[in-house]
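If you scroll down you'll find the structure; I have some questions about it.
All chains are named by letter (A, B, ...) in the order of the sequence lines, taking the proteins before the strands, and each is independently numbered beginning at 1. Both backbone and side-chain heavy atoms feed into the values below; hydrogens, waters and symmetry mates do not. In this text, all values refer to a predicted model and were calculated from it rather than measured experimentally.
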Protein chains: 2
Amino acid sequence: MTRGPATSAPLPAKWRQLAEACCAEQRVRLTPARLAAYAELIDAGHPLSAYELIALLEQRQKRKIAPLTVYRHLEFLMRVGLVHRLESMQSYLPCEHPDHAHESQYLLCSSCGQVDELESKRLEKLLHRIADQHGFLPSNAVVEVTGLCGNCAQST
Amino acid sequence: MTRGPATSAPLPAKWRQLAEACCAEQRVRLTPARLAAYAELIDAGHPLSAYELIALLEQRQKRKIAPLTVYRHLEFLMRVGLVHRLESMQSYLPCEHPDHAHESQYLLCSSCGQVDELESKRLEKLLHRIADQHGFLPSNAVVEVTGLCGNCAQST
DNA sequence: AATGAATTGATATGTTATATCATATACCTC
DNA sequence: GAGGTATATGATATAACATATCAATTCATT
Ligand SMILES: [Zn+2]
Ligand SMILES: [Zn+2]
Ligand SMILES: [Zn+2]
Ligand SMILES: [Zn+2]
C-alpha cells in the first residue's frame, strides 16, 4: 500500500489527540483546514508569521491560499487555546499545554528562534498586585522576554 | 507681534528641556523634524500608531510626509530613550521619565486609551530570576497589561 | 430533504514597516 | 571659507501584516 502525497504536515499523535480533545470539549469543529494549520505550526518547531504559515501550507498543498483563510484558522486556534500569538514578533506558536486554561509568559531566543512558554503563578500574582496598587483591573498580560537561550548563551 | 502658523504641536517647556538634555547628553541631534514628531506624541496624550502620527504631522504642516520619514524619527526617538513602542498595540508613546535609562511595564486601558508607564524593580528582578532558572540570558522584556484604568473600572 | 448555523472561497482593501538611491545639511579640519 | 565626512532628509517603490464583504459550500439537526 502506497501513501498519497502529504496534504498536511506530519502531526504526532500526542498533539493530534490534544487538539481533538480540546475542540471536542468546547464543542467546536476541528476541520481539516484548521488541523492542517495547527500541524504546520507544530511541525515548524518555532513561531511562524501568518505569511510564513501561508507559504508552508501553499507549498504543502500545491495551491494558493488567501491570507484571510489562514487568519481565520489562526483566530480559531487561538480562541480554543491551541495557539498563542507573540505580540513582539507578530507571529504564532502552538501552546505547550493546551489541556488547561492559562496565562503564559515567553522566553524568546533571538539567536536560534526557540521559544519557551512559561506559567509562573508567582509572576502573575505580582502583576495583578501591581495593577491593583494602581487601581487597574487587568484582563490580559503580555510578557515576552527576549534574549539568549541556554544553548545559544554558552556558544557565544 | 503676531504668531505665525504653528508648524509643530505645542510642547510644554518641561518636555522640551528633557528632550534637549537627553539628546545633548548622548551627543545626537534633536532636529526640528524629530522634535515635531516628539511634540505631536506629547500633545496627543495617548499612544499613536505611526500612521496616526503621520496624519497629525501632515495636518499640522500642510504637506505630505513619507512614512519612512516618520519611522526614522520614531527609531531615533526610541534609540535615545524619549519614546517607547507598545508591542501589543503597534503604537508609540513618549517616555514618562526619559532622564534615566530604564525598563518599563505598561498598564493599557482598553476603554479610554490611557497608558501608565511603570518601573517595578520588583517585577524586573522576578523576571530576571525566572529567566535565570531556565538558563536564559534576557536582554529585553515586554510587559504590557491590558485592562481598565481606575476611572474606567468605576464607571462600568 | 429542509432548515439554519458554521465554514470556506474569492476579491478587494486597509494598515504597518522597510529598501534604495539621490539630495541636502551639519560638523570638523584645514 | 573650502573641502571632506558623517548624518539627516526626500522621493519612490515595495514588502509584510491584517481585515471587510459577499457569495458559495458544508455540516448538524430536524
Ligand atoms: Zn499555552
Ligand atoms: Zn537559542
Ligand atoms: Zn520610559
Ligand atoms: Zn480608562
Side-chain angles (χ1 to χ4, degrees), chain A residues 7-8 19-20 23-38 40-41 44 47-58 60-80 82-93 113 142 144, chain B residues 7-8 19-20 23-24 26-38 40-41 44 47-58 60-80 82-93 142 144:
Chain A
T7 57
S8 172
E20 286 171 349
C23 291
E25 192 181 347
Q26 298 179 51
R27 309 282 157 76
V28 292
R29 294 185 211 158
L30 185 60
T31 64
R34 287 166 170 174
L35 189 60
Y38 181 64
E40 210 66 61
L41 286 172
L48 296 177
S49 77
Y51 280 75
E52 287 170 342
L53 177 53
I54 290 169
L56 288 171
L57 289 168
E58 286 181 336
R60 185 90 58 184
Q61 302 179 17
K62 308 292 181 202
R63 65 187 183 110
K64 276 285 164 197
I65 297 182
L68 182 51
T69 302
V70 167
Y71 277 103
R72 284 195 283 221
H73 296 155
L74 287 171
E75 189 275 330
F76 170 85
L77 293 167
M78 288 191 287
R79 181 155 37 84
V80 299
L82 287 169
V83 164
H84 299 303
R85 174 183 157 92
L86 295 175
E87 298 294 339
S88 63
M89 311 175 57
Q90 286 152 216
S91 58
Y92 305 83
L93 88 165
V142 171
E144 301 177 9
Chain B
T7 57
S8 171
E20 284 170 351
C23 291
Q26 299 180 49
R27 310 281 157 76
V28 292
R29 295 183 212 158
L30 185 60
T31 64
R34 288 165 170 176
L35 190 60
Y38 181 63
E40 210 66 62
L41 285 171
L48 295 178
S49 78
Y51 281 75
E52 285 171 342
L53 176 53
I54 290 170
L56 288 171
L57 289 168
E58 286 183 335
R60 185 90 57 184
Q61 302 180 15
K62 308 291 181 201
R63 65 185 183 112
K64 275 286 165 198
I65 297 182
L68 183 52
T69 303
V70 167
Y71 278 102
R72 283 194 283 221
H73 296 156
L74 286 171
E75 189 276 328
F76 169 85
L77 293 167
M78 287 191 288
R79 180 155 37 85
V80 299
L82 287 168
V83 163
H84 300 303
R85 175 184 154 93
L86 295 175
E87 298 294 340
S88 62
M89 310 174 58
Q90 285 152 218
S91 58
Y92 306 83
L93 88 165
V142 171
E144 301 176 10

Would you say C/dA17 has OP1 or OP2 under 4.0 Å from some side-chain N or O of B/Tyr92?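 Yes, because at least one side-chain N or O of B/Tyr92 sits under 4.0 Å from OP1 or OP2 of C/dA17.
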
Nearest heavy-atom pair of B/Ser8 and B/Ala36: which atoms, and what distance? OG-CA, 3.8 Å

Per A/Arg72 side chain, nearest of listed nucleotides C/dA10, C/dT18, C/dC27: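 Of the options given, the side chain of A/Arg72 lies nearest C/dA10.
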
Rounded to whole angstroms, how far apart are CZ on A/Phe76 and P on C/dA5? 19 Å

Whole-Å distance, A/Leu74 CG to D/dA16 C1', equals 15 Å

Please report the distance, rounded to the nearest Å, between CD1 in A/Ile65 and P in C/dA10. 11 Å

Check the distance between D/dA16's P and A/Leu48's CG and give it to me in whole angstrom. 15 Å

Determine: side-chain N/O of B/Thr31 to OP1/OP2 of C/dT25, distance under 4.0 Å, yes or no.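 No, outside the criterion.
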
Considering only side-chain heavy atoms of B/Arg29, which listed nucleotide, C/dA26, C/dA19, D/dG10, is closest?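 Nearest nucleotide to the side chain: C/dA26.
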
Check whether the aromatic ring of B/Tyr51 stacks on the base of C/dT15, taking stacking as ring centres less than 5.5 Å apart and planes within 30° of each other. no

Check if the side chain of A/Arg63 and the base of C/dG9 share a donor-acceptor pair of N or O atoms closer than 3.5 Å.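 No, the side chain and the base share no sub-3.5 Å donor-acceptor pair.
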
Establish, with yes or no, whether the OP1 or OP2 oxygen of D/dT19 is under 4.0 angstrom from a side-chain nitrogen or oxygen of A/Tyr71. no

Separation of C/dT8 P from A/Glu75 CD (nearest whole Å):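 The distance from CD of A/Glu75 to P of C/dT8 comes to 12 Å, rounded to the nearest Å.
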
What's the CG-C1' distance between B/Leu57 and D/dG10, to the nearest Å? 15 Å

Which heavy atom of A/Arg29 sits nearest to which heavy atom of A/Phe76, and what is that distance? O-CZ, 3.4 Å

May I have the distance from A/Leu53 (atom CG) to D/dA16 (atom P), rounded to whole angstrom?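 Result: 16 Å.
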
Any side-chain N or O of A/Arg34 less than 4.0 Å from the OP1 or OP2 oxygen of C/dT8? yes

Distance check: side-chain N/O of A/Ser49 vs OP1/OP2 of D/dA16, anything under 4.0 Å?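 For A/Ser49, the contact criterion (side-chain N or O under 4.0 Å from OP1 or OP2 of D/dA16) is not met.
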
Flag if over 12 foreign heavy atoms under 6.0 Å of CD, A/Glu25: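 No.
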
Show the numbers, then the answer: is there a side chain to side chain contact (heavy atoms under 4.5 Å, CB included) between B/Val142 and B/Ser88? CA-CA 9 Å; B/Val142 171; B/Ser88 62; over 6 Å; no

Between CD of B/Gln61 and C1' of D/dG10 the distance, given in whole Å, is 13 Å

Hey, is the side chain of A/His73 poking within less than 4.0 Å of OP1 or OP2 on C/dT8, counting only N and O atoms?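 Answer is yes, contact under 4.0 Å.
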
With A/Arg72 as reference, evaluate A/Leu68, A/Leu74, A/Val70 under the side chain to side chain contact (heavy atoms under 4.5 Å, CB included) test and give the passing residue. A/Leu68

Look at the side chain of A/Arg85 and decide which nucleotide, out of D/dT9, D/dA18, C/dT8, has an atom nearest to it.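 The listed nucleotide nearest to A/Arg85's side chain is D/dA18.
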
